[in-house]
Amino acid sequence: SDTPFPPIVLEPERSAPRATIIFLHGMGCAPRLYQTRLTASLVDHGFRLLLPRAPSGDHSAWYSFLSLDRRQDEPCEGRDRSRQVVEDLLQAEAEARPGVPIFLGGHSQGGAMALYSGLHWPHSPRHIVGIFCMSGYVPMVTNAAEDRAVDGFEVQHTDIPVFMMHGEEDTNVLPVWAQAG
């Protein structure tokens with residue numbers, strides 16, 4: 001993996017994991033900020049939780065961008081490096097725990113990376129049972145609903161369930177940006 005720090009790993013104490021959840025943090029956040037809330041609500045209910053750090057220099061962003069509102073020409077520098085980190089983590093988890101389902105998701109930019117990485121993962125989707133995105137979007141996609149290959153993004157797996165949620169009053173990532181991709 002390209003990231004110098006291993007993810008925070010939280011294991012259920014009383015049983016084997018029901019599933020693994022790989023949760024990608026939002027831009028400007030550290031994985032530990034999500035640790036307490038997710039531990040109480042997920043790990044205590046039998047889920048294994050992996051909280052990786054972004055591979056950027058300061059580990060706060062999965063990729064850099066200029067603007068969210070004009071994404072069609074957005075370069076998203078570092079996006080593919082981050083996708084490789086996520087894919088490596090998915091592969092390692094699938095190999096280490098065969099038969100344990102994996103949910104991939106995140107918040108904001110982490111949710112964007114979850115969508116991009118999970119739907120773009122070139123391997124069999126059988127290990128990924130779902131992708132979730134909270135207040136995120138697909139990076140560099142202008143109209144994914146009409147075309148499977150837009151701006152260099154091609155959905156590899158159309159059979160993975162995707163759940164997107166977004167606050168109607170989110171002022172950081174506008175709901176219209178999520179709807180566009």
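When a residue number appears, it is its place in the shown sequence, counting from 1. In what follows, every heavy atom counts, from backbone to side chain, and hydrogens, waters and symmetry copies are set aside.
- Pro12 approaches Ala16 most closely through the heavy-atom pair CG-C, 4.4 Å.
- Across all their heavy atoms, Arg48 and Pro17 have their closest contact at CB-CB, 3.7 Å.
- When all heavy atoms of Pro7 and Leu89 are compared, the closest pair comes out as CG-CD1, 4.1 Å.
- Nearest heavy-atom pair, Ala54 versus Ala61, reported as atom, atom and distance to 0.1 Å: CB-O, 3.2 Å.
- The closest side-chain heavy-atom distance from Leu50 to Glu93 is below 4.5 Å.
- Annotation: side chain of Ile22 is not in contact with side chain of Val86 (no heavy-atom distance under 4.5 Å).
- When side chains are defined from C-beta on, Arg97 does not count as touching His127, because their heavy atoms never get closer than 4.5 Å.
- In this structure, the salt bridge (Lys or Arg N to Asp or Glu O under 4.0 Å) partners of Asp80, at least two apart in sequence or on a different chain, are Arg83.
- Panel note: side chain Arg53, backbone Ser60; no donor-acceptor pair is recorded below 3.5 Å.
- A distance-only check finds a donor-acceptor pair linking the side chain of Arg18 to the backbone of His45 [under 3.5 Å].
- Counting only N and O atoms by type, the side chains of Gln91 and Glu87 include no donor and acceptor under 3.5 Å apart.
- Put simply, the side chain of Gln109 reaches to within 4.5 Å of the side chain of Tyr63, judged on heavy atoms.
- By the criterion of side-chain heavy atoms lying less than 4.5 angstrom apart, applied directly or through intervening Ile, Leu, Val, Met, Phe, Trp or Tyr residues, Val100 is not grouped with Ile160; the two fall into different hydrophobic clusters.
- For the side-chain contact (heavy atoms from CB on, under 4.5 Å) with Trp62, the lone residue among Pro52, Ser117, Ser108 that qualifies is Pro52.
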- Any chance you could lay out the side-chain contact (heavy atoms from CB on, under 4.5 Å) test for Met113 and Arg79, step after step, and finish with the verdict? CA-CA 8 Å; Met113 278 310 305; Arg79 179 198 60 190; 4.1 Å; yes

- Mind running side-chain contact (heavy atoms from CB on, under 4.5 Å) on Ile8 and Arg32 for me, showing each step along the way? CA-CA 8 Å; Ile8 296 171; Arg32 72 183 184 303; 4.1 Å; yes

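- A 4.5 Å side-chain heavy-atom check between Leu115 and Met164 finds at least one atom pair inside the cut-off.
- Taken to the nearest 0.5 Å, the SG atom of Cys133 stands 10.0 Å off from the CG atom of Leu104.
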- side-chain contact (heavy atoms from CB on, under 4.5 Å) assessment of Phe103 paired with Val129: CA-CA 6 Å; Phe103 291 92; Val129 296; 3.5 Å; yes

- Apply the test side-chain contact (heavy atoms from CB on, under 4.5 Å) to residues Val162 and Phe132: give CA-CA distance (whole Å), side-chain angles for both, the deciding distance (0.1 Å), then the verdict. CA-CA 6 Å; Val162 174; Phe132 63 93; over 6 Å; no

- When you look at His25 and Tyr34, which way does the side-chain hydrogen bond (donor to acceptor under 3.5 Å, both in side chains) test go after all the steps? CA-CA 8 Å; His25 64 81; Tyr34 298 93; 6.0 Å; no

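- With a 4.5 Å cut-off on side-chain heavy atoms, Val9 and Leu49 do not count as touching.
- In this structure the side chain of Leu10 reaches within 4.5 angstrom of the side chain of Leu51, judged on heavy atoms.
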